[in-house]
Amino acid sequence: MVRGGRELLAIEDPLEAEMWASAVLGNFYKLAAPLDARDELERLLWPAVVTAAERRQDAAGLAVMEALAAVADQELAAMAGAAAARLRALGIPSVGWSAELGSVAFEGAWVMTDVFGDHEAYFATFRYPGREPHVVNALYDRAMGEIIKDGFVGYGLEDPRDRAAAEPGVSVDDADEATMARRVVDAIASGDLYLDNDWTPEFKQCRALILARMRSLPMAPPIEPPDQPGDAARKALIEEFLASGLVADLNEADIIASHALDYSCDYLGDDAFRWSPIVIEQFMLDYLPRKISLNLGQVRQTPLVLRGWVRFALTKRGLEERWIAETERAVGRFAKEFRRAMTDSADFGPAKALATAMLADKVDFLDQAAVDRWINEFNARPLAERDQLLGKHLVPPE
């Protein structure tokens, strides 16, 4: 890595040096390796790089340290910056671009939002004095856990406002830089908690530089999650839905709609009415199979009720008919796979598997003594027998 730093000596643009360092850091972000090996590598690698660069006592080693200090996180930046200072004290000259680091200025920002509110694409323009402006992009994905999953840094991007005019269901507004910085920094931190996700290779390469640019801006206070409706408000919404006439068979509608409302409010931490094809997919193929026990009648009724709930929620949100219809179609698209997932114990989370096993033994959840007795008997079984019981193909009862 340090030997590769010789290419930094031929670079004239400070942004190119920062992109080089960001890409080097990105090569080791969420590396495809066992977790313990990944942790050990992250602990040992960067101190070794700093030591190797300082031992060289040459301009390439100094350039690597200066580039890393510009974009790395606080601990590595301090380590690399201290090593760079010691190398300069030996009389080793810095490459020309190093004097420009830190002089980049923010010029403006926009946010592109899709009609469903699943994604917010931030575009921020920065400029080094006397140089062409460059764009920093970060795609905030609310549907995938409020993370940044894609992004890039570069020159010559078309104005996103022109692009939005040609794309239905997309709007572009000016972005407050402090709010944008807080949103992006917090979302990257949230993504860092995942062992794995669908981050794009471009984001991994640019992650450190995106963070460095956002951290150079004023930072808004932490964003407070929205207040969620209480029990009385949720009951009123369900009653309003049942009275809307959107679902003909009301036998299971209140239970299914309640699960949908709890999912958007409690699990997503979002407003009650934000539904989209992506949210439908996650609700039907992940959340319900993994978390919720439904009897077979409820499983059969879920697509019908969910189509009605989507229309009810998105109408309240004020979306146009074409977006409501698109989300309704998503329910039908995932219905067959949903029915399979709901009866396949391989998709169950631990809590649901345990509850389903209790239901199969006809345990009354309202009888605390019966529940305690079943759990005590379960815990007394050998571990292999417990695993076998929870791993059975358990079909929810009628």
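Side-chain atoms are counted along with the backbone in the values below, which use heavy atoms only and exclude waters and symmetry mates.
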Checklist entry - Take atom CD in Gln74; do more than 12 heavy atoms of anything else shown fall under 6.0 Å from it? => result no
Checklist entry - Do the rings of Tyr263 and Tyr267 sit parallel, tilted or perpendicular, given the 30° and 60° boundaries? => result parallel
Next on the checklist: With heavy-atom distances below 4.5 Å as the criterion, would you say the side chains of Ile11 and Val95 are in contact?
Outcome noted: no
Next on the checklist: Taking the side chain as everything from C-beta on, heavy atoms only, tell me whether Asp174 gets closer than 4.5 Å to Trp110.
Outcome noted: yes
Next on the checklist: For a side-chain hydrogen bond (donor to acceptor under 3.5 Å, both in side chains) check, start with the C-alpha distance between Asp271 and Gln228, then their side-chain angles and the critical distance, and finish with the verdict.
Outcome noted: CA-CA 7 Å; Asp271 72 71; Gln228 300 300 343; over 6 Å; no
Next on the checklist: For the CD atom of Glu252 and the NE2 atom of His259, what is their distance to the nearest 0.5 Å?
Outcome noted: 10.0 Å
Checklist entry - Arg213 versus His134: any side-chain heavy-atom pair under 4.5 Å? => result yes
Checklist entry - Ignoring hydrogens and geometry, is there a side-chain-to-backbone donor-acceptor pair from Glu66 to Ala63 under 3.5 Å? => result no
Next on the checklist: Ring-plane angle category for Tyr29 and Phe203, please: parallel below 30°, perpendicular beyond 60°, tilted otherwise.
Outcome noted: perpendicular
Item to check | Side chain to side chain, Met65 and Glu54, heavy atoms closer than 4.5 Å | outcome: no
Item to check | Exceeds 12 heavy-atom contacts within 6.0 angstrom, atom CD of Glu132 | outcome: yes
Next on the checklist: Contact between Leu211 and Met214 at the side-chain level, heavy atoms closer than 4.5 Å - yes or no?
Outcome noted: no
Checklist entry - Under 6.0 Å from the six-membered ring centre of Tyr140 and within 45° of its axis: does the NZ or CZ of Arg183 meet both? => result yes
